[in-house]
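What follows is a single structure, written as structure tokens, with notes after it.
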Amino acid sequence: MTVAYHRRPVIWDIDYNAPAGKLVAIVGPNGAGKSTLIGAALDLVPKASGRVRFFGEKYSSVRARVGYVPQRESVDWDFPVSAIDVVAMGVYRQIGWFWPVGKKHLQIAMDALDRVGMADYAKRQISQLSGGQQQRVFLARALAQDADMYLMDEPFVGVDAATERAIVDILHELRGQGKTALVVHHDLQTVTEYFDDVVLLNMRLVASGPVETVFTADNLRKTYGGKLQLLDQVGHRMTIDEGH
Amino acid sequence: MIFDILEKLGTWDLCDWQTVLIAALAAMACALPGSFLVIRRQSMMGDALSHTVLPGIVIAFLLAAWNGVSYQSNQALFHAFLFSGALVVGIVSAVLTEWVRKQGKVEASAALGVVYASMFALGLLLIRATADSVHIDPECVLYGVLESEVDPFVYFPPAAIINFAMFLVNLVLVVVFFKELRISAFDPALATTLGINARWIHYGLMAVTAATIVMAFRSVGSILVIAMLIAPPTTAYLLTDRLERMIGISLAVAAGCALLGHVIALTLPFFILAPLGFAAKGSANTAGSMAIAAGIFFVAAMLFAPQHGVLMKILVRRRLQIKIACDDILGTIYRWEETHGDAITPQNWIVENAIDVGSSTPRKTFRQLVRQGDIIEQHGGFRLSASGRSRAKELIRSHRLWEAYMAKHFELPDDHLHDMAHRVEHFIDPEIRQQLIDELDQPETDPHGKQIPPE
Amino acid sequence: MSCPAVAYLSTLWTQLSRTMLVVVVYCSLTFSSSCVWGQAHDHGADGQRHKPTQGSLARSSFKLPTGEELVNVLLLRDYNTRVVTFGTILLGITAGLIGVFMLLRKRSLVGDVVSHSALPGIAMAYLIAESVGQSGRSLPVLMIGATIAGFLGVVCTVGIRRYTRVKEDAALALVLSVFFGFGVALFTLIQSLPTGNSAGLNHFIYGNTATMIASDVYVIVIASVVVWISGFFLFKEFKLLCFDQRFAASQGWPVTALDLLLMALVVAVTVIGMQSVGLLLVVAMLIIPAAAARFWSDRLERVALLACALGGLASYFGVILSALFPNLAAGAVIVLTGTAFFVISLLFGWRRGMLQRIWMQMRVRYRVQQHHLLRAVYEVLELVQIESIAEQDESSLIELKQAVSLGQLKQHRAWSKSELARSIHYARRDDLVVDIGSDPNVVRLTKTGRAAARRVVRNHRMWELYLINFADIAPSHVDRDADLIEHVLEPEMIEQLEEIMEQASATMRVPPSPHDVTTEPPNSEGPQ
């Protein structure tokens, strides 16, 4: 697919197949389109061309099987809700319209919180949580869905060592259960340690595949060695209007 | 109806000119601080101030009356009371809002709302409660008394002179503090490092805005003044990218609002009352009509602005679509000629294979190309003319160079390259082609093996 | 742990005095002008525009209501008052509910746009109704006009933001003022009609509860019930929409539709609200109760309920006061009552009020000062004793039973005499130090004091080591209370740190882990 903003491509035609049951890291420099990739996959950002399929189907038919962990900063953490309220939002779809959150669903949310080690903090207001705890709450929200595939946007940014450990353990647990996870990752040091596959992105797909073969110095240089000037220039010419 | 309108306009006399003059000066005086409110994204602060000055006005009236000063007895002193009341209120509102926001950790727009709504309520309360001692008609405060400020016996009624003075003061302030205002609007942190106190600028701007609102309330009313604060600068914002020009245009638009506003005020009965079957008598309030005029100017700018206007963008987009469709057809014909020699390309083959040409536009596009002299129609098909061929060659060249480029840098299967290159080829000019050649080191064929036509 | 009242109050005073000054200025503006109130009489809409005249300000006191009047009003004996109170309270409750969502959406001022945009709708509805022979004053007709125009205003704002580069605030102000001006112009046209005395229509602008009749209230009831039902059944959907729109969209919730529905509810509330507080003030009913309620709770359900309650209460008081003192405009009084609630909530709010914050800050400062004292005592004694210990035997404890003089303490750390004296005073009170003999300048640690001092120094030094050695991940711990370090670091990391400490020089001597001291549970207040 290609994703464009005001007709200017931010992701130039990538063709990628995520392998099932693996942990995949998506890495690239800032502005490379990593978050846009996830956004476009989830229909949050319109695609200029191409299509995305989950388990062979359109996203709208298999939403329940895909869990999403957005960036922590996408939300105002001053909102008057507690940790368990946030996790319960992950099961709202199961509850459906109009009905309130019932005991059964609260239990699911509680179990998810327990899995991330935050059971004691269930009633805590979210602004009183540390960065790592907030990230775990977001993760629990996705886990509560019991999805088969997880898309995570930079879950390791600004978290403490204990939380990072906990999240990695959960990822490996998920993999053990045969689930897939696509994780936008910012820390090159830990890619080989945490993940099976890697996707190198810089406005276009530079390389993808198993970490052992693809995560090489050569590929990293291609990915992080600066923007392709020509892509920039042509993209600029294609920009049609500014809006705001 | 037209004749009625013209007849009414024919009665335009000195009083009307005076009305326009007073209103225009007030509007221009407002446009000056308003421009800075708009670029600092504090337009709603202007809205807030226009509400909070109400208690300030009432208290100033009260204090003046208490001291035996009234409009008739001592104009200058009376206006001094009003003016100082306004300054105080302006700064108090700004301070209160900041305080609520910081200490209460209340979200910015809510803090603004709390402060200005409560102060306005206070003002309304005071007006009604003190109605006995000080006769302030709430309507005159809110909508202005423009019509009663004209004086048929002089050329320049006192109100005009006051408004002119206000305009001059604001102009001088803007000119003197232009650099500071500009920097603190775009980068308060930078301003502070340069020794300009951004907070003082902020409070100063609030005070000047409040003072302007209070002086202008006689003409346009304290609520409608927000139209004069915000609308002309916003209109100017759509028309230019430079601050000095924006201020200049907003002054012109402000004056225009006054003129057009008064015309609308006189003719509005014809547009509204007459169609509904009422007698078209009387005229509307000029202040309100000025807001209508401001709206009209804004919509005009929104649609027709040379760079950012909506219509302009639509036009540009259409032209681009046509160009892309033309290019596409030229490219398709060239490809046929590559494989079939110099034969004529049948029309339906073109339509089938040209991707970017929708089912409805091929005929128009063919006509366009024929008109341009790029293709020649022959025996149910088309062939390229000399100019058409060179354009097509350019296109194919761009396309295949781009494919080669993508093959080098992207990890894409070969069958994806064509679509992407197809979209991009229209935007590649000779300069970019040269860079591509340098980068790819003088390639001869594209990834599919097809020859890249020379320049 | 207790705080001495005097010190608390004095610090409180310095903090509050600044803010009190602002409040006092604000209030004095009000009251200074109120003391020249004249005899009450309602300013009739006689259409005359008065120039301010030089009046003699006879200082007649304003009429206090008689006891009987008071009872009558409070018990709602009067039918009119009953009707008006009921309708206005309903409005207050409904506006409070929707106001909470708007506050959380950070779109509080959209209500202002809706209310100002509604004006031309009212005028046009009146004109059209009159032109087809109907009475232009029928409430449903006018409200339909208001609704359409209000909605149109919001649509224009959204359109301007989407299709031009005009920013949100300018778009709001522009739409608001142009629509309102149009409305004003239309009103003046109406005035020129033979039938049109716009006095009745003025009530939409300023609100006039006095003329509310039963049939008006029916409309209010219906609209309120619709809003409540939507708010109730869609509570979790709105909660999700306001908190995390992106996640909601990814889950398949129709975000745009929900947003539009919320806008529609705001329009509905605004249109009802014009009945009681008037168009210019209805935005206050949306913002103020919600903002006030936010200070009292961290749970959305409670905030919403409280906002409804505050809105209703403010309406009630407003109507009652207006009935008792006829020269007070009801709408204004309702809003000002709400503001009073807001100020009280801001200062004393349980969860987010100023006082609560100041209290927390003081607690932390107190604890920090205590720790500084304990550590100073330890370090002074350590310095004295370290010379006399031959080898670096890390298992030998520093003898903390020795006495320490204030002079030594003062030298050790840069604090003023009064600060030190105060710290000693509190420590003495908390049974951490005792005086020796009659000399007030010499103290020694008590048993609890000794245990506390060891713990404080150990934590402090572990923390320092941690920062030095693991600085790259330290920042994420900075907001944690140092006391909790043993709960924050993993066991492996603590082992590593202890190894490092063994190799540290004598000056970094750390007492062994105080296993006998019970570890505290996680700090329940969390970071500020």
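Each chain gets a letter, A, B and so on, in the order the sequences are listed, and its residues count up from 1.
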>> For a quick test of reading the model, state the closest non-hydrogen atom pair linking T234(B) to A170(C) and the distance between them.
In response: OG1-CB, 4.2 Å

>> Counting C-beta onward and ignoring hydrogens, is there a side-chain heavy-atom pair between S109(B) and R107(C) closer than 4.5 Å?
In response: no

> Looking at V333(C), V132(C), L281(C), which has the largest count of heavy-atom pairs under 4.5 Å with chain B?
Replying inline: L281(C)

> F182(C) versus chain B, heavy atoms under 4.5 Å apart: side chain, backbone, both or neither?
Replying inline: both

>> Which atoms of L276(B) are under 4.5 Å from chain C, going by heavy atoms: the side chain, the backbone, both sets, or neither?
In response: both

>> Test your reading of the model: is there a side-chain donor-acceptor pair from R357(C) to the backbone of G104(B), 3.5 Å cut-off?
In response: no

> Heavy atoms, side chains only, cut-off 4.5 Å: are L122(B) and L336(C) in contact?
Replying inline: yes

> How many angstroms lie between CD in Q103(B) and CZ in R352(C), if you round to the nearest 0.5 Å?
Replying inline: 13.0 Å

>> Checking side-chain polar atoms at under 3.5 Å, does Y163(C) have a donor or acceptor matched by the opposite partner on K313(B)?
In response: no

>> Using every non-hydrogen atom in the two residues, find where S177(C) and I226(B) come nearest and quote the distance to one decimal.
In response: CB-CG2, 3.5 Å

Scan the side chains in residues 265-274 of chain B for donor-acceptor partners under 3.5 Å anywhere in the protein, sequence neighbours excluded, and list what turns up.
unit_1  : atom_1 : unit_2  : atom_2 : d
T267(B) : OG1    : V263(B) : O      : 2.8
T267(B) : OG1    : I264(B) : O      : 3.4

>> Please classify the contact between L104(C) and chain B as side chain, backbone, both or neither, with a heavy-atom cut-off of under 4.5 Å.
In response: neither

> Counting only N and O atoms by type, is there a donor-acceptor contact under 3.5 Å from the side chain of T188(C) to the main-chain atoms of N285(B)?
Replying inline: yes

> Looking at side-chain heavy atoms only, is the closest gap between M44(B) and D112(C) below 4.5 Å?
Replying inline: yes

>> Please evaluate residues Y116(B) and I287(C) with respect to the criterion side-chain contact (heavy atoms from CB on, under 4.5 Å), reporting the C-alpha separation (whole Å), side-chain torsions for both, the decisive distance (0.1 Å), and the verdict.
In response: CA-CA 11 Å; Y116(B) 91 70; I287(C) 300 181; over 6 Å; no

> After noting the C-alpha distance and the side-chain angles of S43(B) and D169(C), does the key distance pass the side-chain hydrogen bond (donor to acceptor under 3.5 Å, both in side chains) rule?
Replying inline: CA-CA 6 Å; S43(B) 313; D169(C) 61 309; 2.8 Å; yes

>> Taking side chain as everything from C-beta outward and backbone as N, CA, C, O, which of these in A287(B) sits under 4.5 Å from a heavy atom of chain C? Side chain, backbone, both or neither.
In response: neither

> At their closest point, which heavy atom of A291(B) faces which heavy atom of G181(C), and how far apart are they?
Replying inline: CB-CA, 3.7 Å

> So do L127(C) and F278(B) actually touch side chain to side chain, heavy atoms under 4.5 Å?
Replying inline: yes

> Counting heavy-atom pairs under 4.5 Å to chain C, which of R41(B), M228(B), M290(B) comes out on top?
Replying inline: R41(B)

>> Return the CG to CG distance between L328(C) and L126(B), rounded to the nearest 0.5 Å.
In response: 10.0 Å

Show me the donor-acceptor pairs, under 3.5 Å and distance only, between side chains in residues 297-304 of chain B and residues at least two apart or in other chains.
none

> Closest heavy-atom contact between L109(C) and G113(B)?
Replying inline: CD2-CA, 4.2 Å

> Which atoms form the tightest heavy-atom contact between V335(C) and S118(B), and what is the distance?
Replying inline: CG1-CA, 4.1 Å

> Where does F295(C) contact chain B at under 4.5 Å (heavy atoms): side chain, backbone, both or neither?
Replying inline: side chain

> Where on S50(B) is there a heavy atom nearer than 4.5 Å to chain C: the side chain, the backbone, both, or neither?
Replying inline: neither

>> Is L346(C) close to chain B through its backbone or its side chain, or both, or neither, when contacts mean heavy atoms under 4.5 Å?
In response: side chain

> Do T164(C) and Y237(B) come within less than 4.5 Å of each other through their side chains, counting heavy atoms only?
Replying inline: no

>> Please identify, among A284(C), A173(C), S345(C), the residue contributing the most non-hydrogen atom pairs under 4.5 Å to chain B.
In response: A173(C)

> Which heavy atom in A329(C) sits nearest to a heavy atom in L125(B), and how many Å separate them?
Replying inline: N-CD1, 3.8 Å

